[in-house]
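These notes are about the structure you will find just below.
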Number of protein chains: 2
Amino acid sequence: MPVSQEKNTVEGDAGPVRERLLDTAERLFSEHGFEGTSVRELASAAGCNIASVNYYFGSKEKLYEEIFRRHLIPMRNARIASIDRVMTESSGRPKLEDLLQSFANAFIEPLADETKAARFMKLMGREMVDSHLPSDVFAKEMAIPTLKAIQIALLKACPGLDESRAVLVAYSIIGQLLHAVHIRPMFEQACDAEVPKYELSRIIDHIVAFSAAAIRAYAEGRNE
Amino acid sequence: MPVSQEKNTVEGDAGPVRERLLDTAERLFSEHGFEGTSVRELASAAGCNIASVNYYFGSKEKLYEEIFRRHLIPMRNARIASIDRVMTESSGRPKLEDLLQSFANAFIEPLADETKAARFMKLMGREMVDSHLPSDVFAKEMAIPTLKAIQIALLKACPGLDESRAVLVAYSIIGQLLHAVHIRPMFEQACDAEVPKYELSRIIDHIVAFSAAAIRAYAEGRNE
DNA sequence: GATAGCTTAAAACATTTGTTTGAATTGTCA
DNA sequence: TGACAATTCAAACAAATGTTTTAAGCTATC
């Protein structure tokens, strides 16, 4: 693939080569995927030599792993921390809407700053359907711990909620949030007026209200 | 009297080369992605010559497009038809659960048969985060029409539902369904007992009940 | 049996891929 | 300064990429 030269945005001379490579690779991998990005494009965009990739990281794959190592745990911790914050602030019995809003904000926050963590968000989406990470580090380091945290928080916020259903509710919430992330690119290019405008904050508010209502129905209403 | 037509016996020996290539490419693209699948692997798995790809389809990309052309419209129509069926059977005023259950089944059905359309489902997931289709054919041919259909069906099923909110509700439903699709591979390999078992039918039932409850709260309850 | 038209086959095409090499350059400390 | 390590560089590596070419095989019609 010729791959248009795109932007000549050499990531600048900001910082040492190793960091420039990490930042540049994060952007290119998120835009064109792992196989869709060549080491030469990468080095060119980062303004360094081709050999630097192997010099600093050993291989293209190791560089890819390093990107995740840099962001995965902090991002997971941020999500769990946002849950914990609501829990402590409410003395262990948070209002359902507060819990959901807080988690949704932590989840979607990286999308707000256009440049920094938004790329990694996209990259995570790719990794979910096209894994290049060894073993199941993504599930173990990110998905399962986050799921656990939101699950027990939900049980605290809604004592009437059945435990076996709490995990399903967590799926629903995360599914909605992820979908909000995924559909954004579709709106950005296809401005056909055929489709409503994309307002992230409106979507988030909806997800919170929608989920809260559904959970209440589970907790209060029928148990079967 | 005709000559015996013995041929190679690699894999999909059934049918002419063109169809074998389409089936094989569907599987390989869904498993390893577009860039992750070489024309040689493809031809080898289909039991034909390398040149056949370009002979029948012109290029690797055209073959990719043909796969979608084969499935996209029928799958979309199946989804919309499942909605229409509920609408007519209920004389235009369906029970909310029936509408949701019917749509969810049509949405998830391809996952049931392990081999046939399940691969294409996976492929659609890839296409959403890593587009190789020209322009926005996926949005125009699949996403938007399906969204429109479920949206107006929701309004019919719930007259109290605000129109501007109907599209958000549709996002929530599709987001949950897609997530149910995406998380399955995570469960299949990581059987750590750390995570609950994956039961698709249980998840579907939950999504239906969860969404119905939330929609009712929207339609009946608060308007603000 | 000869002819024409698809279809298949093997090989070569020209790039591009990730990686390695070894020399040049830079920086650091004695 | 001189010596030594760390870094950068251009070049070359072997392998793999999508595509094209050229010749052979096949099947039908005359």
Side-chain angles (χ1 to χ4, degrees), chain A residues 1-6 10-29 31-67 126 130-134, chain B residues 1-29 31-67 130-134:
Chain A
M1 237 51 55
V3 174
S4 56
Q5 180 66 11
E6 203 143 321
V10 175
E11 223 81 335
D13 296 333
V17 176
R18 208 190 106 101
E19 315 306 317
R20 269 187 292 157
L21 270 175
L22 277 170
D23 291 338
T24 308
E26 195 171 297
R27 179 171 65 86
L28 293 184
F29 283 157
E31 286 173 1
H32 309 119
F34 182 77
E35 272 105 359
T37 305
S38 73
V39 179
R40 279 169 181 79
E41 292 172 321
L42 224 149
S44 168
C48 69
N49 195 266
I50 320 162
S52 300
V53 172
N54 291 274
Y55 178 77
Y56 282 105
F57 302 96
S59 72
K60 186 188 175 188
E61 295 208 345
K62 298 268 190 62
L63 164 58
Y64 183 80
E65 295 171 25
E66 186 59 31
I67 292 173
R126 286 185 183 275
D130 191 11
S131 175
H132 293 96
L133 246 38
Chain B
M1 291 51 115
V3 202
S4 64
Q5 195 179 349
E6 58 173 16
K7 270 288 163 186
N8 42 19
T9 54
V10 176
E11 169 178 342
D13 211 8
V17 176
R18 207 190 108 100
E19 313 307 317
R20 267 187 294 156
L21 269 175
L22 277 170
D23 291 338
T24 307
E26 196 170 295
R27 180 172 64 85
L28 293 184
F29 284 157
E31 286 174 0
H32 310 118
F34 181 77
E35 272 105 357
T37 305
S38 74
V39 180
R40 280 169 180 81
E41 292 172 320
L42 225 149
S44 170
C48 69
N49 196 266
I50 320 160
S52 300
V53 172
N54 291 274
Y55 177 76
Y56 283 105
F57 302 97
S59 71
K60 186 189 176 187
E61 294 209 346
K62 298 266 189 65
L63 165 57
Y64 183 81
E65 294 171 26
E66 187 59 32
I67 292 173
D130 191 12
S131 176
H132 294 96
L133 247 38

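In this text the structure is predicted, and so the values were computed from the model without any measurement. We name chains A, B, ... by the order of the sequence lines, and we start the count at 1 in each one.
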In chain order, what residues pass the side chain to side chain contact (heavy atoms under 4.5 Å, CB included) check against Thr37(B), with sequence neighbours excluded? Leu28(B), Phe29(B), His32(B), Glu41(B), Leu42(B)
Distance check needed: dG18(C) C1' versus Phe29(A) CZ, whole Å only. 11 Å
With sequence neighbours left out, which residue pairs that include part of residues 36-63 of chain B fulfil the ring pair (Phe, Tyr, Trp, His ring centres under 6.0 Å) condition? none
Quickly work out the Glu35(B) CD to dA16(D) P distance and round it to whole Å. 18 Å
Over all atoms of both residues, closest heavy-atom pair of Arg40(B) and Ile50(B): CG-CG2, 4.2 Å
What is the separation between atom CZ on Arg40(A) and atom C1' on dA11(D), rounded to the nearest whole Å? 11 Å
Give every residue pair that meets the salt bridge (Lys or Arg N to Asp or Glu O under 4.0 Å) criterion with at least one member in residues 49-66 of chain A, sequence neighbours excluded. Arg18(A)-Glu66(A), Glu65(A)-Arg69(A), Glu66(A)-Arg69(A)
Please report, rounded to the nearest Å, how far the C1' atom of dT17(D) is from the CD atom of Glu61(B). 13 Å
Roughly, in whole Å, what's the span from CZ in Arg18(A) to C1' in dA6(D)? 15 Å
Separation between CZ (Arg126(A)) and CG (Asp130(A)), nearest 0.5 Å, reads 8.5 Å
The correct set of residues in residues 49-59 of chain A placing a heavy atom under 4.0 Å from DNA chain C is Ile50(A), Ala51(A), Asn54(A), Ser59(A)
For the helix from dG1(C)-dC30(D) to dA30(C)-dT1(D), how many degrees between its two end axes (five pairs per end), to the nearest 10°? 10°
Min side-chain heavy-atom separation His132(A)-Glu35(A) under 4.5 Å: yes
Could you tell me which non-hydrogen atom of Ala45(A) sits nearest to which non-hydrogen atom of Arg27(A), and how far apart they are? CB-NH2, 4.1 Å
When rounded to the nearest 0.5 Å, the distance separating OG of Ser52(A) from CG of Leu21(A) is 6.0 Å
N or O in side chain of Ser38(A) less than 4.0 angstrom from dT16(C) OP1/OP2: no
Starting at atom CD of Glu19(B), determine the distance to atom P of dT7(C), rounded to an integer number of angstrom. 12 Å
